[in-house]
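Take a look at the structure set out below.
All residue numbers refer to positions in the sequence shown, counting from 1.
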Amino acid sequence: MEIEEELLTKIYDLRHRLHNIPEASMHETQTKAMLMSFLRENTNLEVVDRGEWFYAVLKCSDDRMGDENNDSDEQRRQIAEKSANRFPIAFRADVDAVCGQDGKPGHYCGHDGHSSILCGTAVLLSRMAALNRDVYFIFQPGEEIGAGAKLCRELIAGKNIGEVYGLHNIPGYPRNHVLTIDGTFACASTGLEIHMTGAASHAAYPEAGKNPGPALARLLLEVEKLTEEYNRSKGFVRMTLIGMDVGSANYGVAASEGTLRMTVRAEKEKVFAAYVDEIKKLAQNMAYDGEFELEIQEIERFPATENHAKNVDKLRKCAADQNIVITELAEPMRWSEDFGYYLQATNGAFFGVGDGEDHAQLHTAGFEFPDEIIETAIKMFVGLALM
């Protein structure tokens, strides 16, 4: 499959323009407007505005930029027969930027590239006359906070979409290699903020109050033990201590409230759900024993991105058909990706494209999406749509 240099140049330009207007999750107004405008100017797809997000659809029966008059009656009949038995396919790109240490958004994760890839795929497919099923292009907000896919996945059931695909650029792997794995591609995760409130007392009489400090410290140790047990018996889980705040800087007053913050993750969604529930039960038991008020908050929960086996096989075949090199991942990515919500709703798979072994890491100020991998990614999406 060859992609015209003119189209690639246009997609590169789009990516650079998106790069210059990074917007935080669920605030992607300029980004959304630019992408919708690009599709309307360069394709005849139906573009549907859903408020916080949008999608475009290419109907297999639509008149497109290609010359369908060149198809014979028999060719059109065969296409119609195939399309009658084919569920629609969807591709997703995330459009938000990540906020850096200064709180300002920047495209340090490559979503400007993902959005541009999906636009390039839409343009290329819109020029083809031989599609035998509807193709949906989902432009999703809020991936960085795990909020966007929960909004957009309603399209899966609403349009009876039979398979869905997404991708991420990944530093540390050979440039333009397609990265695949059976099972989980990216781990489930959530932040946990566990707050206990007791009663204040004079520092000279701590027995007159209720100090949650020791309980929160014991809880941390118990979660470490639980994590070890899960790793031995149920598969990969991980707890990372983010911080603990107890009491104040007033040395005359015993601590009366405190907060334990941690990030927890797991390879499998069912294991993750049980792991989080057990941590919450530990916290509830310790709060009950110490007569503390308890508040537990989940922050940015992501599901596991668990690929479907037959769709991973399609990824491999698609890459092989186009002489794209495949690298099989030895283990899932520990970071999270809300694409897992789509995979809970229908069949599909998520894959990576290598940025280069020495490329700057994601979520760092030195990162910028490499234009050189756009062509490979478009070829993968187009190839999957045509399978």
Distance-only side-chain donor-acceptor flag, Asp371 / His16, under 3.5 Å: yes
Expected output: side-chain Ser189 to main-chain Val264 donor-acceptor under 3.5 Å: no
Scan for ring pair (Phe, Tyr, Trp, His ring centres under 6.0 Å) pairs involving residues 214-262, sequence neighbours excluded, and state none if there are none. Tyr230-Tyr275
If you measure only the distance, is there a donor-acceptor pair under 3.5 Å linking the side chains of Thr180 and Glu328? yes
Are Thr31 and Glu23 linked by a side-chain donor-acceptor pair shorter than 3.5 Å? yes
For Asp355 and Asn169, test the side chains for any donor-to-acceptor distance below 3.5 angstrom and give the result as yes or no. yes
Would you say Arg92 and Phe350 make side-chain contact, with heavy atoms under 4.5 Å? yes
Working to the nearest 0.5 Å, report the span between CD1 of Ile194 and CE of Met244. 9.5 Å
Are Lys159 and Tyr136 packed together at the side-chain level, in the sense that at least one heavy-atom pair is separated by less than 4.5 angstrom? yes
Are side-chain N/O atoms of Thr43 and Ser126 paired as donor and acceptor at under 3.5 Å? no
Is it true that Glu229 and Ser233 share a donor-acceptor pair across their side chains at a distance under 3.5 Å? no
Does the side chain of Tyr342 pick up a donor-acceptor pair with the side chain of Gln140 at under 3.5 Å? yes
Do any N or O atoms from the side chain of His359 and from the backbone of Glu368 form a donor-acceptor pair under 3.5 angstrom? yes
Does Glu337 reach the side chain of Asp94, with side-chain heavy atoms less than 4.5 Å apart? yes
Can you sort out the partners of Pro206 under side chain to side chain contact (heavy atoms under 4.5 Å, CB included), two or more places apart, ordered by chain and number? none
Please evaluate residues Lys225 and Thr227 with respect to the criterion side-chain contact (heavy atoms from CB on, under 4.5 Å), reporting the C-alpha separation (whole Å), side-chain torsions for both, the decisive distance (0.1 Å), and the verdict. CA-CA 5 Å; Lys225 289 181 184 178; Thr227 302; over 6 Å; no
Exactly one of Ile378, Leu35, Leu18, Thr121 clears side chain to side chain contact (heavy atoms under 4.5 Å, CB included) with Ser116, and that residue is Leu18
Identify whether the distance between the nearest side-chain nitrogen and carboxylate oxygen of Lys32 and Asp49 falls below 4.0 Å. yes
Decide whether Asn176 and Thr376 meet the rule of one side-chain donor and one side-chain acceptor closer than 3.5 Å. yes
Has the side chain of Asp245 got a donor or acceptor atom that lies under 3.5 Å from a matching backbone atom of Gly258? no
May I have the step-by-step check of salt bridge (charged side-chain N to carboxylate O under 4.0 Å, His left out) for Asp13 and Arg17, ending in yes or no? CA-CA 6 Å; Asp13 175 69; Arg17 288 188 288 131; 3.1 Å; yes
Going by the salt bridge (charged side-chain N to carboxylate O under 4.0 Å, His left out) test, which pairs reach into residues 160-175, not counting sequence neighbours? Arg133-Glu163, Glu163-Lys314, Arg175-Glu372
